[in-house]
Amino acid sequence: MAGSTRGGWAVLGSPEVASALATSGLDWVCLDAQHGLFDRAALHATLRSRRPGWADVLVRVSALDEAAIGFALDAGASTVIVPMVETREQAERAARAVHYPPRGARSWGPVAPLWGATATAAGRCWIMVETPAALARLDELLSTPGVDGVFVGPFDLALALGVELDELLADRHDDAPLARIARVAHDHALAVGAFAGTPARGELLRAAGFDHVAIATDAGLLDAGIRSVVGSRAPRQGY
Ligand code: 3PY
Ligand code: MG
């Protein structure tokens, strides 16, 4: 992904809703199998419903798990986002799981051709930086061969740092955590993305140096739609 992009975050586990996001003009959609409702069946159903014109589809896997990573790529995800990576060894495992030999150790078994689609041969590996341990090892993590991008989870990072999310997002010091992550990632020529969840938080992340920002979730858009039409619902907590 080049330049600056806007993504959508799908948590509802619905192929139809993911399709609405993927054809909305957003540049990419991430199917969330960590905190969202995308189990294997829902990932398959969504990836197999892709049509020409869909935005790029990424999958956030539930954990650093070789089987989950291979499954998402076999079904056609372009990129896998691996949560909670904290050590060089974990970054190497994530990268190995994404790339075929000789770069990595991904097992061959594409299923997308079963429904006439192309399997992802050259998947991309984005690791999540969202803990102080990862922050302390930024250079080590982001220089790992086979890691193609970094993705920040500002909610987890704020929780773990013991600061308010708004404080983390608004911190404009040179050495502020978000700015530092973006700078080190750019120094390593990686893709640099983050979860925002709203356009306003997305702007703050862009100002901190993030190029690929998930500006909305399917649940949030549904909620905003209900409130704008029916006007009767209190804003929801969470995604
Ligand atoms: C975070 O902000 O920690 C996330 O992982 C967003 O989903
Ligand atoms: Mg997180």
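Both ligands and their constituent atoms are indexed starting at 1 by order of listing. Basis for what follows: all heavy atoms, side chains included, without hydrogens, waters or symmetry-related copies. Positions are given from 1 along the sequence.
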**Message:** On a heavy-atom basis, which atom in Val184 and which in Leu138 lie closest, and how many Å separate them?
**Reply:**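 Where Val184 meets Leu138 most closely, the heavy atoms are CG2-CD1, 4.0 Å.
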**Prompt:** What closest approach, in Å, do Ala72 and Leu47 show between heavy atoms, and which atom pair accounts for it?
**Reply:**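 Result for this residue pair: O-CD1, 4.1 Å.
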Under 4.0 Å from a heavy atom of [X]: which atoms of ligand 1 are those, numbered in the order shown and with their elements?
X      : answer
Asp156 : 1 (C), 2 (O), 3 (O)
Met128 : 5 (O)
Phe155 : 1 (C), 2 (O), 3 (O)
Arg60  : 4 (C), 5 (O), 6 (C), 7 (O)
Tyr239 : 6 (C), 7 (O)
Pro154 : 1 (C), 2 (O)

**the Mg ion (ligand 2) to Asp156: nearest N/O/S atom name** =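 Going through the N, O and S atoms of Asp156 one by one, OD2 ends up nearest to the Mg ion (ligand 2).
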**Request:** Identify, by name, the N, O or S atom of Glu130 lying closest to the Mg ion (ligand 2).
**Result:**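 Going through the N, O and S atoms of Glu130 one by one, OE1 ends up nearest to the Mg ion (ligand 2).
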**Request:** Look at the side chain of Arg124 and the backbone N and O of Thr79, then say whether any donor-acceptor pair between them is shorter than 3.5 Å.
**Result:**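 Between the backbone of Thr79 and the side chain of Arg124 there is no qualifying donor-acceptor contact (under 3.5 Å).
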**Request:** Distance to 0.1 Å, residue and atom name: give those for the protein heavy atom nearest to atom 1 (C) of ligand 1.
**Result:**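 The closest one turns out to be Gly153 CA, 3.2 Å.
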**Prompt:** Between Gln34 and Ser62, do the side chains contain an N or O donor and an N or O acceptor separated by less than 3.5 Å?
**Reply:**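 Short answer, no.
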**Prompt:** Is the closest side-chain donor-acceptor distance between Thr5 and Trp28 under 3.5 Å?
**Reply:**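 Yes - a donor-acceptor pair under 3.5 Å links their side chains.
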**Asked** Parallel under 30°, tilted from 30 to 60°, perpendicular over 60°: which one fits the rings of Phe151 and Trp9?
**Response**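 It falls in the parallel class, under 30°.
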**Asked** Which of these, Asp187, Asp174, Asp175, sits in a salt bridge (charged side-chain N to carboxylate O under 4.0 Å, His left out) with Arg180?
**Response**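 The option that passes is Asp175.
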**Asked** Less than 4.5 Å apart, any side-chain heavy atom of Met84 and any of Glu130?
**Response**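 In contact.
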**Message:** For ligand 1 and Glu130, I'd like to know whether there is a polar contact (N/O to N/O, distance under 3.5 Å).
**Reply:**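 N/O-N/O distance under 3.5 Å: yes.
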**Request:** Using non-hydrogen atoms of the residue, decide whether His35 is closer than 4.0 angstrom to ligand 1.
**Result:**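 It does not, in that no heavy atom of His35 comes within the 4.0 Å cut-off of ligand 1.
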